[in-house]
Engineer: 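Got a structure for you, questions after.
Quick note: residue numbers are just sequence positions, from 1. One-based numbering, in listed order, for ligands and for the atoms of each.
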Amino acid sequence: MRDLRNIVEQMSIKDKMAEITQLCGSGYGEDENVFMGIDYQFELAQHMVDNVGSVLGISGAGRVKAIQKKHLETSAHKIPLLFMHDIIHGYKTIFPSPLAMSCTWQPGLVKVSAEIAAKEAAVSGLHLTFSPMCDLARDARWGRVVETSGEDVYLNALYAKAYVEGYQGNDVSSRYKIASCLKHFAAYGIAEGGRDYHTTEASEYSLREYHFPAYKAAVDAGAKMVMTSFNALNGIPSTGNQWLFQDVLRKEWGFAGTVISDCTAIVELIHHGFAADEAEAAKKAIDAGVDIEMVSNTYYNHVQRLIENGKLTEAQIDEAVYRVLVMKEELGLFDNPYKDADEGLEKQYVLCDSHRQAAREIARESMVLLKNDGVLPLEKNAEKIALLGPFADSRQMLDSWSVCGEEKDCITLKEAFLEKTDIKCVSAPGIMKYEETRIEEAVKLAESSDVIILALGEDPLMSGESNSRMDIALPGYQELFAERIFSLGKSVIVVLYNGRPLAIPNIAKKASAVLEAWFPGTEGNRAVCDVLLGDHSPGGRLTMSFPYAVGQCPIYYDRYSSGRPAKDVYHSDRFSLRYMDGQSVPLYPFGYGLTYTQFKYGDVILSKHLMKKNETIMASCVIKNVGERQGTETVQLYLRDMAGSLVRPIRMLKGFERVTLKEGEEREVRFMIGEEMLKFHTLETGFAAEQGKFRVYIARDASVEEYAEFEFFY
Ligand code: BGC
């Protein structure tokens with residue numbers, strides 16, 4: 001490794017301040033490749049622009065190379081620029097949203113998607129992606145649930161690891177690899193009221209049990225960078241939180257990489273009421289260990305004075321600069337500042353057939369069949385299909401965090417049907433807004449068709465950052481429109497395109513089938529057709545519970561019991577954990593999803609009922625395909641600790657296995673239960689398993705009640 005400390009020594013304090021600043025790429029002119037100024041309120045000194053350490057949000061091999069070349073001429077120490085971007089679920093070949101991909105229950109597929117995203121991004125000049133998002137999501141009102149892997153701790157950690165491994169491989173300097181920045185540390189997903197940017201409160205117990213594991217998994221997988229979150233956590237904004245970054249991340253978890261603020265989050269410390277002015281905001285962020293400031297300029301404008309006043313030491317700044325240089329060295333940028341940027345390869349790989357094919361396969365796996373009274377798969381000899389609703393002939397298949405993806409590259413549902421079948425397809429958008437004539441046009445088509453498909457959902461800008469909702473029903477007049485179509489008395493298939501769990505009890509009741517397609521990406525509608533026509537059996541399972549009503553949010557399966565648990569799902573007992581005016585269980589639980597066959601579960605069998613320290617128990621269950629087609633079942637293992645020194649969740653996912661069985665076939669599915677699975681952050685003995693009874697559920701989803709029991713003792 002070259003002598004980076006020596007480079008740091010040669011730098012003036014101003015050079016250092018520029019190195020730990022990140023510019024927003026929108027300031028670079030399209031053709032000139034010089035910095036033209038940006039639409040932010042910050043005034044930028046030319047020295048800072050010439051010596052800035054990294055840029056956010058620019059891509060394209062030619063453009064990146066030109067900017068890098070110019071930068072190497074202006075930078076006092078010839079330090080290459082680092083190009084970062086939000087490549088969240090694909091660069092231009094867009095995969096389903098992260099929430100959708102999590103429903104595959106296949107981290108291996110997520111890893112493939114990240115490898116492809118990295119390859120397209122790398123040849124287009126990028127060095128780092130702000131992904132994975134490891135925030136645990138429990139509140140469907142929060143728009144950013146679409147960027148998460150859902151509500152479960154165990155799955156969330158598996159996916160975090162898969163993303164990092166996919167982007168970075170074993171060596172981030174190698175071809176087609178980019179660095180990974182996990183975000184948003186920490187607990188950003190529990191914004192009060194589901195309102196983005198809002199404050200969060202969580203005990204250390206719940207942080208460690210629920211929220212930290214996925215961030216930690218990404219750190220353990222070697223992620224090079226960590227981003228702060230916008231929220232205040234227990235009264236301290238994350239971006240100035242020494243406990244989070246110094247104590248937990250660096251000391252406890254041994255993270256040696258770079259920390260970046262979220263966009264303008266340092267200057268926002270003032271709005272939080274945590275810093276009186278920009279200088280104090282910069283000091284608090286540096287003290288917390290935030291190395292790079294994204295977009296705002298408090299570091300550049302104030303660090304020198306803070307050092308002169310004795311409020312910061314130059315050694316603190318040197319450490320931050322050094323970490324940025326280490327990352328550049330690890331990416332190989334000092335040897336080749338252009339890394340993989342290559343216009344020829346960009347043409348060859350971006351949106352190439354094999355990437356599109358992978359996107360189609362992953363989209364198929366991510367869809368969740370929520371209801372099917374037998375109408376699916378569709379008869380291929382149907383004569384006429386009516387495709388109705390705002391998504392019937394729409395390219396809005398990308399969510400709001402598909403920044404490099406383009407709708408023009410997506411196929412519509414109607415096009416996908418026409419491409420795949422000879423069935424006559426007619427479409428009408430129905431309504432988002434209220435327009436009587438459009439309803440009548442759709443009704444006419446429905447009346448004269450054999451098959452009616454209602455393609456409903458949310459506009460992509462209704463989820464994602466800042467897009468929280470206080471009502472999570474289908475927006476606009478879609479419910480009304482659906483009602484009109486249901487009233488024809490024909491069988492109706494609903495396909496949903498959305499970025500969050502929706503409250504859709506009426507659709508669930510009246511539709512003959514409901515397929516949750518999420519925002520399925522560039523190839524999404526080909527995948528929808530594959531599933532509807534039975535060329536692929538749906539196998540996705542929900543990773544977030546769907547409520548009956550928004551008032552149930554946050555709703556998640558691994559909650560605590562309370563002192564007055566409901567005795568039955570009807571909540572007939574008044575003084576129990578319930579709502580008096582509606583359901584308190586979800587409409588569709590975590591883990592739920594159907595396929596084109598049915599499976600029967602036998603009893604849960606344990607190899608023994610007493611388990612000593614260092615021993616294991618085998619839990620098994622015979623699963624039988626009792627339907628008429630081959631199918632894949634995601635068999636889930638949940639445990640419940642019946643009594644602890646702290647209250648424990650009513651169940652927690654501890655493992656799962658996907659089994660493919662032919663019609664009539666059965667198989668014994670086995671899980672080994674060891675002490676590790678029983679551990680939690682106890683009051684007295686740290687992360688440990690406590691003695692007592694445990695329940696074991698081997699189930700199709702988190703709502704199943706049958707269990708077996710064992711006792712653990714030392
Ligand atoms: C978001 C981050 C994102 C960053 C850079 C912020 O507004 O919260 O998730 O990575 O912008 O685009």
Engineer: Checking Glu407 now: which residues fulfil side chain to side chain donor-acceptor pair (under 3.5 Å) with it, not counting sequence neighbours?
Structural biologist: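 Listed in chain order: nothing, the list is empty.
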Engineer: By side chain to side chain donor-acceptor pair (under 3.5 Å), which residues pair with Asp152, not counting sequence neighbours?
Structural biologist: Tyr557
Engineer: Quick one, list the residues around ligand 1 where some non-hydrogen atom comes in under 4.0 Å, by chain and residue number.
Structural biologist: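 Leu56, Asp86, Phe130, Arg144, Lys183, His184, Met227, Phe230, Asp262, Cys263, Met294, Trp401, Glu465.
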Engineer: Identify whether the distance between the nearest side-chain nitrogen and carboxylate oxygen of Lys14 and Asp50 falls below 4.0 Å.
Structural biologist: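 No.
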Engineer: Please list, chain by chain and in numerical order, all residues satisfying side chain to side chain donor-acceptor pair (under 3.5 Å) with Ser59, sequence neighbours excluded.
Structural biologist: Tyr91
Engineer: Would Phe83 and His127 count as a close aromatic pair, with their ring centres under 6.0 Å?
Structural biologist: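 That pair passes the under 6.0 Å test.
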Engineer: Check for me whether the distance between the ring centres of Tyr215 and Phe255 falls short of 6.0 Å.
Structural biologist: no
